[in-house]
Amino acid sequence: HVSIRGRLNIDLEDMARDIPELTVETLEELVRFLGLKVELDTVEEYELAEKWRDDRELVKRYSMQRAEAILKAFESIRDFVFSLSELTRMPADYVLTASAGFRVENYLMSLAVKLGELIPRRGEITHVSYPGGLVKEPIRGMHEDVAVLDFKSMYPSLIIKYNISFDTLSEDGENVAPNGYRFRAEPEGFLPRALKTLLEERGKIQAMLKAVPPGSVEAKILDARQRAVKIIANAIYGYTGWAGARWYSREVAEATTAWGREVISSTIRKAEELGMKVIYSDTDSVFLKDHRGKLEKLVEWIEKDLGLEAKLEKVFKRVIFTEAKKRYAGITEDEEIEIVGLEAVRGDWSAIARQAQRETAEVLLRTGDPSLALRKAREYVQQLRSEEVELRKLIIWRQITRSLSEYSATQPHIVVARRLMNEGWKIQPGDKVGYIITRGSGPLYSRAKPYFEVSMDEVDWDYYVEKQVVPACKRVLEAVGVKAEKILESGERTLMDFFG
DNA sequence: TTTAGGCATTTAAAACTGGGCTT
DNA sequence: AAGCCCAGTTTTAAATGCCT
C-alpha cells in the first residue's frame with residue numbers, strides 16, 4: 001500500500017482480492033461482478049508496447065475506458081468502504097488492504113475502548129491446529145428432490161448462546177463444551193457482547209432498509225453498512241483461532257467448533273428419526289431426501305431444542321454426488337444449475353475442461369439421462385482430437401504464492417514464471433501465471449510454455465484429452481455409473497454395450 | 001500484516017520391488 | 001550366495017484452490 005499525504009489512495013485491486021467470486025482479479029471481472037455498464041476493449045498486456053507503436057488511438061481508448069471503469073467501480077463500492085472504515089475505526093484507504101484478522105481486531109479494539117476493557121498485547125504463540133467442522137461422507141449417485149437446510153450464522157449464535165469467550169472461560173463454568181472446556185453463563189463475555197452488538201446493529205439497519213425506497217441512495221448506503229457489519233461478525237470465530245490475534249484463544253475456537261459438531265450431528269440424527277434421509281452435510285448444512293412434510297418439524301425442533309435458527313436454503317430437483325466431499329452439482333427448482341467444488345468452478349483447470357464438465361453435468365441434471373451426458377463429453381473429446389479448440393481455452397492458470405526462490409518442488413507454473421522473469425517480467429506473490437502444455441517428452445514442467453508464446457501446432461492435444469477433459473467429465477459420469485473408458489470410445493454401439 | 005479447519009486432486013520425487021546379471 | 005543395476009510400481013510430499 002502506498003500512502004500519500006492528504007489523499008485517500010484506495011486500490012481497487014485490494015477490493016477485487018476481497019471478492020471470493022472473482023477467481024481472476026482483473027478489472028474486467030470486477031466490472032462484470034459489479035454489473036457495471038462500461039465498455040472495455042481488452043488488450044493483452046504483452047501487446048501494449050506494440051500497439052503503442054502501431055495503433056496509438058487504440059491504446060488511448062483503452063486507457064480512457066479503464067479509467068472510467070475504475071471510477072465507476074469505486075463509486076459502487078464507496079459506501080461499503082466508508083462503512084467498514086467507520087465500523088473498524090481504520091482509515092478508509094487502509095481498510096481494504098487490511099486482512100480480515102486486522103479488521104476484526106480493530107473493531108474489537110474500538111469496542112474495548114468503549115467498554116473500558118484493556119486491550120491485550122499481541123503475543124507470540126505457536127499455532128496448534130484443532131478440529132473444525134464436521135463433513136459427512138456423501139451418498140454417491142443421482143438424487144431427486146433434495147432439500148438443503150442451513151443454520152443461520154451457526155458459530156456466532158453458539159458463541160452468544162453458550163457465552164463462549166476468553167473472559168468467561170472457567171474451571172467451574174456451567175456451560176460445558178463437548179470437548180470439556182467450560183464457560184460461565186454470567187456475566188456476558190466480551191466476544192458474545194461484540195457479536196450481539198453487531199447482530200443488533202445489523203438488525204436495525206435491515207429494518208431501516210425496509211423503510212427507505214429500494215434503489216435509493218439511502219438504501220445503498222444502508223445495504224453497504226449491513227454487509228460490513230456481517231463481514232466482521234462472521235470473521236470473529238476465525239479470529240479467535242488466529243495465533244497472531246491479540247484476543248487469540250484456542251479454547252474459544254475449539255469449544256465453538258466442538259459445539260458446532262454436536263449441533264450438526266444431533267440434527268442429522270433428528271432428521272433420520274423424522275424419516276428423512278441425509279445425503280450429505282458440511283459444517284452447518286444438511287442435504288435431505290424424503291423431506292416433504294417433515295422439514296418443518298426439524299426446523300421447529302432446532303428452534304425449540306437447540307435454541308438455534310435454521311432455514312431452507314434451496315431445493316434441488318436433482319443433485320449428483322461423487323464419492324468426494326465438498327464436490328457436487330445440482331439443479332434447483334427454478335432450473336438453476338449449481339456446481340460446487342468440481343473442476344468446473346476451479347480456476348486451475350483449463351477453460352475447455354471446465355466447459356466440458358459443466359455441460360456434461362448440465363445435460364445429466366436436466367435430462368437425467370447418462371447416455372446423453374456421455375454423448376456431450378465425447379463431443380468435447382472429438383473437438384480436441386480434431387484440434388478445433390481455441391488456444392485461450394487451453395490456458396491453465398496458477399497462482400504464485402511465494403517468492404520464486406522458495407519453491408522446493410518443480411512445477412509447470414514455477415518453471416514458466418522463472419522463464420518470464422528472465423525475459424524481464426515482474427512476478428510477485430499473488431500473480432497468476434498462464435501456461436499451455438506442448439508436445440514433447442519429459443515431465444510436464446518441461447513442456448509448459450507461457451500461453452502467449454504457444455502456437456496451435458505445438459499443443460499437446462492428448463494431454464488436454466487425457467488429463468483435462470476426460471478426468472473432469474469422468475468425475476460427473478462415474479457418479480451415475482458410466483465407466484470412464486466409454487468417453488474415449490467412438491460412440492458407435494459395440495457388442496460390449498449389450499454384454500459388457 | 002496469514003480469520004479457521006476440512007478436503008480432493010495433480011504432479012514430482014522418493015522409496016520400494018523383483019528380475020537378471022556379475023562377482 | 002551376495003551384491004548391484006535397472007525399470008517399473010507404489011508411496012509420500014508439495015502445492016493449489018476449493019467449501020463452510
Side-chain angles (χ1 to χ4, degrees), chain A residues 1 14 17-18 20-21 23-24 90 94-108 122 127-138 148 150-156 231-250 252-254 256-258 260-261 264 280-287 313 322-328 338-349 353 396-402 406-415 429-430 432-433 437 442-448 463 466-468 471-472 474-475:
Chain A
H1 180 71
D14 296 322
R17 277 189 217 280
D18 230 37
E21 282 86 352
T23 40
V24 272
M90 300 174 90
Y94 212 62
V95 74
L96 281 186
T97 65
S99 64
F102 283 88
R103 291 179 195 166
V104 170
E105 188 148 279
N106 278 276
Y107 169 73
L108 291 178
R122 201 181 297 288
H127 181 63
V128 185
S129 81
Y130 57 88
L134 192 75
V135 190
K136 191 182 184 295
E137 195 86 36
V148 182
D150 271 12
F151 278 85
K152 260 175 84 180
S153 42
M154 183 196 253
Y155 288 165
I231 279 179
I232 299 296
N234 285 344
I236 285 188
Y237 146 70
Y239 170 83
T240 65
W242 171 41
R246 286 174 190 272
W247 280 285
Y248 170 72
S249 170
R250 224 191 65 229
V252 165
E254 260 193 272
T256 306
T257 57
R261 290 192 299 276
I264 204 73
Y280 177 62
S281 164
D282 186 350
T283 313
D284 62 354
S285 68
V286 278
F287 288 56
E313 190 59 37
T322 66
E323 66 291 342
K325 297 170 175 180
K326 298 186 186 279
R327 295 179 168 219
Y328 55 90
E338 221 165 284
I339 299 187
V340 178
L342 292 166
E343 285 75 6
V345 298
R346 293 182 61 95
D348 57 348
W349 281 71
I396 296 166
W397 292 93
R398 269 191 172 74
Q399 198 182 167
I400 303 292
T401 59
R402 60 192 82 166
E406 286 173 66
Y407 281 93
S408 63
T410 330
Q411 296 181 89
H413 71 300
I414 302 306
V415 172
K432 289 196 170 78
V433 173
I437 300 296
L444 276 188
Y445 61 76
S446 67
R447 297 188 282 131
Y463 171 82
E466 283 156 24
K467 300 289 185 176
Q468 291 279 321
K474 172 179 135 175
R475 205 91 57 205

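Below, read A as the first sequence line, B as the second, and so on, with proteins coming before strands; counting in each chain starts at 1. Here the structure is a predicted model, which is why all the values come from computation and not from measurement.
- Looking at heavy-atom distances under 4.0 Å, A:Y463 makes contact with sugar-phosphate atoms alone, never a base.
- When the side chain to side chain contact (heavy atoms under 4.5 Å, CB included) test is applied to A:A258, the partners found at least two apart in sequence or on another chain are A:P178, A:N179, A:R261.
- Under the salt bridge (charged side-chain N to carboxylate O under 4.0 Å, His left out) criterion, A:E466 pairs with no residue at all, not counting sequence neighbours.
- Contacts between chain A and DNA chain B, taken as any atom within less than 4.0 angstrom of a protein heavy atom, begin and end at B:dT1 to B:dA13.
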* Start with the C-alpha gap between A:T283 and A:I264, add the side-chain angles, then the distance that decides, and say whether side-chain contact (heavy atoms from CB on, under 4.5 Å) holds. => CA-CA 7 Å; A:T283 313; A:I264 204 73; over 6 Å; no

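- By the side chain to side chain contact (heavy atoms under 4.5 Å, CB included) test, A:E313 is found to be paired with A:V148, A:D150, A:K311, residues two or more places apart in sequence or in another chain being considered.
- Side-chain atoms of A:R398 never come within 3.5 Å of backbone atoms of A:V433 as a donor-acceptor pair (strictly under, hydrogens ignored).
- Closest heavy-atom contact between A:A98 and A:M90: CB-CE, 3.5 Å.
- The closest donor-acceptor contact from the side chain of A:E137 to the backbone of A:K325 lies at 3.5 Å or more, if one exists at all.
- Without hydrogens or angle criteria, A:R103 side chain to A:V95 main chain gives a donor-acceptor distance under 3.5 Å.
- Among the protein residues, A:T401 comes within range of the sugar-phosphate backbone only, with heavy atoms under 4.0 Å from sugar or phosphate atoms but none that close to a base.
- Contacts of A:K152 classified as salt bridge (charged side-chain N to carboxylate O under 4.0 Å, His left out), with partners at least two apart in sequence or in another chain: A:E309.
- For DNA chain B, the residues of residues 238-245 of chain A within the heavy-atom distance limit of 4.0 Å (strictly under) are A:G238, A:Y239, A:G241, A:W242, sorted by number.
- Checking side-chain atoms of A:T256 against main-chain N and O of A:V252 turns up a donor-acceptor pair under 3.5 Å.
- As judged by a 4.0 angstrom heavy-atom cut-off over every strand, A:P412 is placed among residues making no nucleic acid contact.
- Scanning for side chain to side chain contact (heavy atoms under 4.5 Å, CB included) contacts around A:A253 gives A:Y130, A:Y237, A:T240, with sequence neighbours left out.
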Output field dot_bracket for DNA chain B (Watson-Crick or G-U, both distances under 3.5 Å, | for other-strand pairs) contains ...||||||||||||||||||||

Do any N or O atoms of the protein come closer than 3.5 Å to N or O atoms of nucleotides 9-14 of chain C, and which pairs are they?
residue : atom : partner : partner atom : Å
C:dA14  : O3'  : A:S408  : OG           : 3.3

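- When only modelled atom types and interatomic distance are considered, A:Y239 and A:S249 share no side-chain donor-acceptor pair under 3.5 Å.
- Within 4.0 Å of A:Q399, counting heavy atoms only, lie sugar-phosphate atoms of the nucleic acid but no base atom.
- Nearest heavy-atom pair across A:A233 and A:P156 is O-CG, 4.1 Å.
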Check the interface with nucleotides 18-20 of chain C: list each N/O to N/O pair with the protein under 3.5 Å, or write none.
residue : atom : partner : partner atom : Å
C:dC18  : OP1  : A:G347  : N            : 2.9
C:dC19  : OP1  : A:G341  : N            : 2.8
C:dC19  : O2   : A:K326  : NZ           : 3.0
C:dT20  : OP1  : A:Y328  : OH           : 3.1
C:dT20  : O3'  : A:D282  : O            : 3.3
C:dT20  : O3'  : A:D284  : OD1          : 2.0

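- Among the heavy atoms of the strands, none lies under 4.0 Å from A:A253.
- Remark: A:K326 engages A:D282 in a salt bridge (charged side-chain N to carboxylate O under 4.0 Å, His left out) (not counting sequence neighbours).
- A:R250 contributes no side-chain N or O that, together with a main-chain N or O of A:G241, makes up a donor-acceptor pair within less than 3.5 Å.
- At a threshold of 4.0 angstrom between heavy atoms, the contacts of A:R475 are confined to the sugar-phosphate backbone, with no base atom among them.
- Under the side chain to side chain contact (heavy atoms under 4.5 Å, CB included) criterion, A:A409 pairs with no residue, sequence neighbours left out.
- Among the heavy atoms of the strands, none lies under 4.0 Å from A:Y155.
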